[in-house]
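Below, chain A is the first sequence line, B the second, and so on; all start at residue 1. Any value given below was found using the heavy atoms of this structure, including those in side chains, with hydrogens, waters and symmetry copies removed.
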2 protein chains.
Amino acid sequence: MANEQLQEAIDALKSTKVRMTPQRHAILEYLYNSMSHPTADEIYKALEGKFPNMSVATVYNNLRVFKDVGIVKELTYGDSSSRFDCVTTEHYHVICSDCGKIVDFHYPGLNEVETLAEHVTGFKVDNHRMEVYGTCPDCSQQTQH
Amino acid sequence: MANEQLQEAIDALKSTKVRMTPQRHAILEYLYNSMSHPTADEIYKALEGKFPNMSVATVYNNLRVFKDVGIVKELTYGDSSSRFDCVTTEHYHVICSDCGKIVDFHYPGLNEVETLAEHVTGFKVDNHRMEVYGTCPDCSQQTQH
DNA sequence: TCTTACATTGTAATTCTTATAAATTATTTT
DNA sequence: AAAATAATTTATAAGAATTACAATGTAAGA
Ligand SMILES: [Mn+2]
Ligand SMILES: [Mn+2]
Ligand SMILES: [Zn+2]
Ligand SMILES: [Zn+2]
């Protein structure tokens, strides 16, 4: 159930000086219930029924607050807008080059890469980023006319 | 010597209907001689002495032309501007979170990740992207006051 | 209640990149 | 070589995503 994790996120916020507001609750709720990787604008559009006066700046502001607290991760892609992920445990993404669909997957061992990079470059390595690109099943099927 | 690879790039262009112009030559020359990962604007600034009338659009246009021909790769980062790499053979990057320095490194085996992603998600996987983030030696030293 | 701190809103500004149209330059055709 | 065609550059406007800012609103603490 996504509600447990939503509650955990709310509790995490309470332990800071960040106040819970209706807008914040709605943004978090949307993130946890959709379980997708929405853009700021998608969130904004999804909530404009409930909050006709909400500013898009509020969405951006709060996503940054959530990021700082650590309950949301930002996924940045070159051309288009950032996407936001409420699953903060380590996992990777497969992205469809056709339709943009993003799917989570897990892979155990990439720490080896970090260690090698440290040795080869002399950097003190903290973390890494990886995505896999391809064609999703839906798009593959459509191509086969 | 970078000049051999520059010549190869020029030859690759000649085999298409793409014309060689002074601006194009200068952009390529800069890419191959600097051997860094400059932004479009860095290239533009670096060449404004030689080409006081060159438009920044020309830099962007030509970088796209080079990308299409396959002699340049675009590295996209979320917040800031794209960087361009004239080394198109497969390699990875370590990026300093402090100063933004980008250093190449090689790692043999990440095809395994692609295979696993295919099996787990049903995607037809084409390629992947990976970067490692940390602190470069220079920045590490400065922190130790 | 009064004061202070935090949030939201609406809008302007910023940044990076692309689109457009006119002017140049190069290539091909006559 | 001159004319026609195609590619390229330039200058500038437009676009999209995000942030900054100031005014207003709301909650918490004294
Ligand atoms: Mn995810
Ligand atoms: Mn590189
Ligand atoms: Zn797809
Ligand atoms: Zn550094």
For atom OH of B/Tyr77 and atom P of C/dT17, their distance in whole Å: 13 Å
- line: In this structure, CD of B/Glu90 is separated from NE2 of B/His128 (nearest 0.5 Å) by 5.0 Å
- request: Mind calculating the distance between CD (B/Glu48) and P (D/dT10) to the nearest angstrom?
  value: 13 Å
task: Would you mind reporting whether B/Pro38 and B/Leu31 have side-chain heavy atoms less than 4.5 Å apart?
output: yes
- line: Whole-Å distance, A/Ile27 CD1 to C/dT8 P, equals 8 Å
- prompt: Once you round it to whole Å, what is the distance between P of D/dA27 and NE2 of A/His25?
  reply: 15 Å
- prompt: Within less than 4.0 Å of OP1 or OP2 of C/dT15, is there a side-chain N or O belonging to B/Ser81?
  reply: no
- prompt: With respect to the side chain of B/Asn53, which nucleotide from D/dA11, D/dT9, D/dA7 is positioned closest?
  reply: D/dA11
query: Just how far, in rounded Å, is C1' of D/dT5 from NZ of B/Lys17?
result: 13 Å
- prompt: Once you round it to whole Å, what is the distance between C1' of C/dT17 and CD1 of B/Ile43?
  reply: 14 Å
- prompt: Can you check the B/Asp41 CG to C/dT14 P distance for me, whole Å?
  reply: 16 Å
message: Looking at A/Ser55, I'd like to know whether one of its side-chain N or O atoms comes within less than 4.0 Å of OP1 or OP2 on C/dT11.
response: no
query: So which one's nearest nucleotide on DNA chain C is more toward 5', A/Met54 or B/Met20?
result: A/Met54
Cluster overlap B/Leu75 with B/Leu110, hydrophobic side-chain contacts below 4.5 Å: no
query: Between B/Phe84 (CZ) and C/dC16 (P), how many Å, whole number?
result: 12 Å
statement: Heavy-atom nearest pair, B/Asp104 first then A/Thr121, reads O-CG2, 4.3 Å
query: Aromatic rings B/His37 and B/His91: how do their planes relate, parallel, tilted or perpendicular, breaks at 30° and 60°?
result: tilted
- prompt: Can you tell me if the side-chain N/O atoms of B/Arg24 get under 4.0 Å from OP1 or OP2 in D/dT9?
  reply: yes
query: Between B/Arg19 and B/Ser82, who's closer to the 5' end of DNA chain C by nearest nucleotide?
result: B/Ser82
field: Distance-only polar pair, side chains of A/Tyr107 and B/Glu112, donor-acceptor under 3.5 Å
entry: yes
task: Check the hydrophobic clustering (I, L, V, M, F, W, Y; side-chain heavy atoms under 4.5 Å; chains of links allowed) and say if A/Ile95 and B/Phe123 are grouped together.
output: no
task: Record whether the side chain of A/Thr21 comes under 3.5 Å of the base of C/dA7 through a donor-acceptor pair of N or O atoms.
output: no
task: Determine the contact category for A/Thr39: base if any of its heavy atoms lies under 4.0 Å from a base atom, sugar-phosphate if only primed atoms, P, OP1 or OP2 are that close, otherwise nothing.
output: nothing
field: Any A/Arg64 side-chain N or O less than 4.0 Å from OP1/OP2 of D/dT18
entry: no
message: Just to be sure I understand the geometry, which residues of residues 56-63 of chain A put a non-hydrogen atom under 4.0 Å away from DNA chain D?
response: A/Ala57, A/Tyr60
task: Would you check, one step at a time, whether the test salt bridge (Lys or Arg N to Asp or Glu O under 4.0 Å) holds for A/Arg64 with A/Asp68?
output: CA-CA 6 Å; A/Arg64 181 165 32 175; A/Asp68 292 346; 5.7 Å; no
- prompt: Can you find a side chain N or O atom of B/Gln23 that sits less than 4.0 Å from OP1 or OP2 on C/dT25?
  reply: no
